[in-house]
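A note on names: the letters A, B, ... follow the listed sequences, proteins ahead of strands, and every chain is numbered from 1. What you are looking at is a predicted structure, and each value in this text was computed from that prediction instead of being measured.
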Number of protein chains: 2
Amino acid sequence: MNAPSFRNWQSVQDEVLRRIHAREWKPGELIPNEADLAVEFGCARSTVNRALRALAESGLLDRRRKAGTRVAAQPVAKATLDIAVIRHEVEARGNKYGYQLLMRETVVPPARICGAMQTPADAALLHVRALHLADDAPYAVEDRWINIGIVPQAQSEDFATISANEWLLTHAPYTHGEIAFSAAQVSADDADILGVAAQSAVFAIDRLTWDNDASVTKVRLLFTPGYQLRTQL
Amino acid sequence: MNAPSFRNWQSVQDEVLRRIHAREWKPGELIPNEADLAVEFGCARSTVNRALRALAESGLLDRRRKAGTRVAAQPVAKATLDIAVIRHEVEARGNKYGYQLLMRETVVPPARICGAMQTPADAALLHVRALHLADDAPYAVEDRWINIGIVPQAQSEDFATISANEWLLTHAPYTHGEIAFSAAQVSADDADILGVAAQSAVFAIDRLTWDNDASVTKVRLLFTPGYQLRTQL
DNA sequence: AATGTATTTATGTGCAGACATAATAACCTG
DNA sequence: CAGGTTATTATGTCTGCACATAAATACATT
């Protein structure tokens with residue numbers, strides 16, 4: 001039996017995965033170094049590197065210079081969620097997308113908002129509320145605050161036909177942001193808009209995006225009951 | 001002004017990000033090809049490739065052979081969630097972790113379960129319910145079904161001190177899985193266990209993992225109100 | 001015009017070699 | 001023995017080159 005050759009990084013990755021899975025390399029255990037594996041697999045070290053790097057990114061391997069590469073003792077599952085524009089999300093489900101503007105005003109926000117967005121307490125922000133529909137049924141309510149100091153163009157946009165959700169993506173770039181998922185009980189207001197029973201449990205997504213040091217927008221999305229955010233592991 | 005040189009892929013990435021952000025390359029627009037950028041940046045094409053590939057993976061660029069690379073018109077934000085062992089999650093918050101087994105029995109599951117897990121309708125599974133605590137306060141209830149056809153060792157484990165959550169990670173490898181996040185109203189039972197008001201809105205995580213074609217385990221985690229799953233964008 | 005074929009082109013990937021860097025291990029030295 | 005210095009080593013990355021591959025375009029054929 002001579003060594004089979006794994007000529008591309010995908011097959012090297014598959015073989016490494018197989019060994020981890022078959023417990024040939026046990027959790028926490030040190031695996032051979034790249035150079036040795038390259039010889040064994042009959043490929044270049046950079047090919048092995050590519051494979052191992054990808055596995056390290058997905059959390060299955062821990063790598064440290066000089067210390068070597070070891071199988072993660074308790075692999076942290078990395079679930080990658082694709083947060084798309086709501087219209088796309090709805091259309092991807094095969095439903096007809098609908099949109100309805102509920103409110104649009106420029107006001108000084110409550111302390112809670114300007115605190116989170118780090119805007120001056122007396123600075124007015126653009127407050128937009130809208131309803132997203134799937135096949136004419138309520139899908140999600142969007143409650144958004146836009147920092148007009150950073151995105152002044154938003155003031156001349158009425159958001160009557162295009163959602164702020166979508167408009168901002170193409171008009172207000174951000175450098176980074178935070179996103180949080182939680183469960184909440186709908187307020188009487190929102191229950192009415194979504195057409196659900198009062199106090200229903202709804203899925204909430206809170207997002208706050210930044211352009212360097214300045215906040216761009218803060219949004220809270222409440223989805224109708226039954227909504228699931230799913231992905232593969 | 002002569003061209004500054006970007007000698008490593010990170011700085012190339014930063015520069016590309018800067019251009020996208022500064023709208024020098026607009027959404028949907030085609031950017032120069034790798035070879036040209038390599039010349040401009042004064043580095044090898046593979047360095048440019050590495051940078052652009054990373055940006056494509058994070059959803060900011062769309063790349064297609066021959067067609068070239070373009071700035072994503074509507075970047076799909078990829079939020080990567082780290083799903084760790086609950087004990088680690090609690091400890092990472094600086095709280096003391098606690099664990100309590102609520103139930104452990106081997107029974108033939110309801111149709112809903114064996115349907116999802118694709119086990120024979122008459123096959124018994126191991127059903128485990130447990131409570132995870134943070135600083136002695138309820139944190140999450142775990143309701144889990146384990147396929148003892150695939151993980152027979154689970155039968156000789158009492159899960160009295162180590163949670164199934166943690167035990168499975170080191171003893172039952174999986175090849176892939178699905179995970180779903182949602183909001184739910186607690187059942188009377190669970191409300192009692194979590195010590196929350198009946199009908200409270202709780203955050204739910206449902207996970208189903210597979211070892212090739214066979215299901216390994218199906219678990220539902222319900223978190224106490226206020227729980228947030230958060231990450232950076 | 002419709003269909004099939006060949007060419008072109010940008011990305012995708014592989015390789016060998018080199019140097020950079022971080023972190024451990026080995027060695028001093030007081 | 002504690003402390004700091006130096007070597008060693010595995011990963012991280014860059015380079016220049018080559019060829020593979022997908023897909024758009026041009027071209028030829030019916």
Side-chain angles (χ1 to χ4, degrees), chain A residues 2-17 19-20 24-73 75-76, chain B residues 3-17 19-20 24-73 75-76 78:
Chain A
N2 63 351
S5 68
F6 300 92
R7 314 204 138 285
N8 59 49
W9 73 269
Q10 303 257 11
S11 66
V12 169
Q13 192 185 46
D14 288 347
E15 173 62 11
V16 171
L17 273 171
R19 292 186 187 184
I20 293 174
E24 284 174 34
W25 292 338
K26 302 195 183 62
E29 204 174 284
L30 205 62
I31 75 172
N33 69 41
E34 292 184 349
D36 291 350
L37 286 176
V39 171
E40 189 192 333
F41 291 151
C43 66
R45 183 171 80 90
S46 49
T47 305
V48 174
N49 180 279
R50 173 85 190 261
L52 298 187
R53 177 160 39 87
L55 289 171
E57 269 165 24
S58 66
L60 259 91
L61 293 176
D62 283 333
R63 322 192 72 199
R64 262 167 53 225
R65 275 172 168 154
K66 160 78 185 174
T69 301
R70 51 185 68 234
V71 180
V76 177
Chain B
S5 69
F6 299 92
R7 316 205 135 285
N8 58 48
W9 73 269
Q10 304 256 14
S11 66
V12 169
Q13 192 184 46
D14 289 346
E15 172 62 10
V16 171
L17 274 171
R19 292 187 186 183
I20 293 173
E24 285 175 32
W25 293 337
K26 303 195 181 63
E29 203 173 285
L30 205 62
I31 76 172
N33 69 41
E34 293 184 349
D36 290 350
L37 287 176
V39 172
E40 188 191 334
F41 291 152
C43 66
R45 180 170 81 91
S46 46
T47 305
V48 174
N49 180 280
R50 174 85 191 262
L52 298 187
R53 178 161 37 89
L55 289 171
E57 269 165 24
S58 66
L60 259 91
L61 294 177
D62 283 333
R63 323 193 72 197
R64 263 166 55 225
R65 276 171 165 153
K66 161 76 185 174
T69 301
R70 51 185 68 233
V71 180
V76 177
K78 309 244 183 199

Quiz prompt | Atom-to-atom span, CG of A/Asn33 to C1' of D/dT8 - whole angstrom | solution = 13 Å
Quiz item: So which one's nearest nucleotide on DNA chain C is more toward 5', B/Glu34 or A/Thr47?
Solution: B/Glu34
Practice problem: Nearest whole angstrom, please: distance from the C1' of D/dA23 to the CG of B/Asp62. | Solution: 15 Å
Practice problem: Using whole Å, report how far CZ of B/Arg50 lies from P of D/dT15. | Solution: 13 Å
Practice problem: Look at A/Arg63 and D/dG12 and indicate whether a side-chain polar atom (N or O) is within less than 4.0 Å of OP1 or OP2. | Solution: yes
Exercise. Would you check if B/Ile20 and B/Leu60 make a side-chain contact, meaning some heavy-atom pair closer than 4.5 Å?
Key: yes
Quiz prompt | Spacing between B/Leu52 atom CG and C/dT13 atom C1', to the nearest angstrom | solution = 15 Å
Quiz prompt | A/Asn49 CG - D/dT13 P separation (whole Å) | solution = 8 Å
Quiz prompt | Whole angstrom value for the distance that separates C1' of D/dC14 from CD of B/Gln10 | solution = 13 Å
Quiz prompt | Check ion pair B/Glu34-B/Arg45 (N to O, under 4.0 angstrom) | solution = yes
Quiz prompt | Spacing of A/Asn8 atom CG relative to C/dT13 atom P, expressed in whole Å | solution = 9 Å
Quiz item: Taking OP1 and OP2 of C/dT11, is either one under 4.0 Å from a side-chain nitrogen or oxygen of B/Thr69?
Solution: yes
Practice problem: Using a 4.5 Å cut-off on heavy atoms from C-beta on, say whether the side chain of A/Leu52 contacts that of A/Leu37. | Solution: yes
Quiz item: Are A/Leu61 and A/Arg70 close enough that some pair of their side-chain heavy atoms sits under 4.5 Å apart?
Solution: no
Exercise. Check the side chains of A/Ser11 and A/Asn8 for a donor-acceptor pair under 3.5 angstrom, ignoring hydrogens and angles.
Key: yes
Quiz item: Rounding to a whole Å, what distance do you find between A/Asp36:CG and D/dT11:C1'?
Solution: 13 Å
Quiz item: Without hydrogens or angle criteria, can the side chains of B/Asn49 and B/Ser46 be said to hold a donor-acceptor pair below 3.5 Å?
Solution: no
Quiz item: With a 4.0 Å cut-off, would you call A/Glu40 and A/Arg19 a salt bridge?
Solution: yes
Practice problem: Using a 4.0 Å cut-off on protein heavy atoms (strictly under), produce a 5'-to-3' string for nucleotides 16-26 of chain C with B for base contact, S for backbone-only sugar-phosphate contact, and - for none. | Solution: S-B--BSBB--
